[in-house]
Each structure stands twice: as structure tokens, then as C-alpha cells.
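To start, the structure itself, in C-alpha cells.
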Amino acid sequence: MSADSQIKDDYTKVASVEDIPRGRGIAVNANGIEIAIFNVKGEFYALSNRCPHQNAPLYKAGEEKINAEHTWTKSRGGVNEEELSVSCPWHLWELDIESGEHEVSGKCIGTFDAEAVDGDVYVRI
Ligand code: FES
């Protein structure tokens, strides 16, 4: 059995690669667990969608949206591709995107293995 087919058997499909632009995240629900999936230079990282500070939805980090004046605005926070971190959109806590750790507070959120296979993103729950 190939590594890719093993991933398809052991992991849960959560999105298509094209759903997650580079440097951004989306929220998914996998087996009842709320997870944020981030695309960092074509590699995918999965961690709890809730910040360990005050439970902000991490996937909104750096989100772009139309505001009431019909201009594009960007949410606070975002993915740092060089540091492999994501900063929370509410109070900018910076979390290690691989370990889920916030170094200053010592708090940590869960992380999950994520892989892209044949255009889809899979997470091991
Ligand atoms: S809720 Fe994330 S930094 Fe405060």
C-alpha cells in the first residue's frame, strides 16, 4: 500500500487544496472537533481553531473581507511563513503553528497531522 493511500485510509478528508489560499486558514469540523487548517507555502498545518487566550477563532487571522464601505479590509493577525507561526486576530498572541505553543504564557492548543494528497487535504484525528 502506498503512503498516499495509507493517508486516505487513516486520515479524515477536510478540504480541497484550492479551498485554502497560501498564507491563509479555514475552519473545518472533523469528527466534531473544530480545527483551523493553514496553508504555509503549500504545506498544511492543522491545530485547534480556538486561541488558548480567550478562544478567538484562529482561522480568521489575516482574513480579508468587504466592510460596510465596500472596501477590502484585513483582519488583525496572520500567518508568518518564515517563523512558522500564526498570530491571533484578537490580541495577537503568536502561536507556533507546528506545536500550538504560545511561548510567553506557556499555554498550548492541540495540533494534528495534516497532509495533501491528490488535491485534497487530510487530517489525522
Ligand atoms: S483570544 Fe487570542 S490572543 Fe486573545
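Index from 1, following the sequence. Whatever order the structure lists ligands and atoms in, that order sets their numbers, starting from 1. Bear in mind the structure is a predicted one, so any value in this text is a computation, not a measurement.
With a heavy-atom cut-off of 4.0 Å, Trp93 touches ligand 1 through backbone and side chain alike.
No donor-acceptor pair closer than 3.5 Å links the side chain of Arg22 to the backbone N or O of Asn39. Side chain of Ser2 to backbone of Ser5: a donor-acceptor contact under 3.5 angstrom is found. A donor-acceptor pair is defined here as one N or O able to donate and one able to accept, closer than 3.5 Å; such a pair exists between the side chain of Asp19 and the backbone of Ser16. Side chain of Asn49 to backbone of Pro57: no donor-acceptor contact under 3.5 angstrom is found.
Close approach to Cys88 involves these atoms of ligand 1, each under 4.0 Å from a residue heavy atom: 1 (S), 2 (Fe), 3 (S). Contact atoms of ligand 1 toward Ala56: 1 (S) (distance under 4.0 Å to a heavy atom of the residue). Annotation for ligand 1: atoms under 4.0 Å from non-hydrogen atoms of Trp90 are 1 (S).
Within the 2.8 Å limit, His91 places at least one N, O or S atom next to atom 4 (Fe) of ligand 1. Among the backbone and side-chain atoms of His53, an N, O or S atom lies under 2.8 Å from atom 4 (Fe) of ligand 1.
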> Under the salt bridge (Lys or Arg N to Asp or Glu O under 4.0 Å) criterion, do Glu82 and Lys41 qualify, and how do the steps go?
Replying inline: CA-CA 10 Å; Glu82 305 312 316; Lys41 298 180 181 177; 3.5 Å; yes
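The side-chain contact (heavy atoms from CB on, under 4.5 Å) test with Leu95 singles out one residue from Ser85, Cys108, Pro52, Cys88, and that residue is Pro52.
Ranking protein heavy atoms by distance to atom 1 (S) of ligand 1, first place goes to Gln54 N, 3.3 Å.
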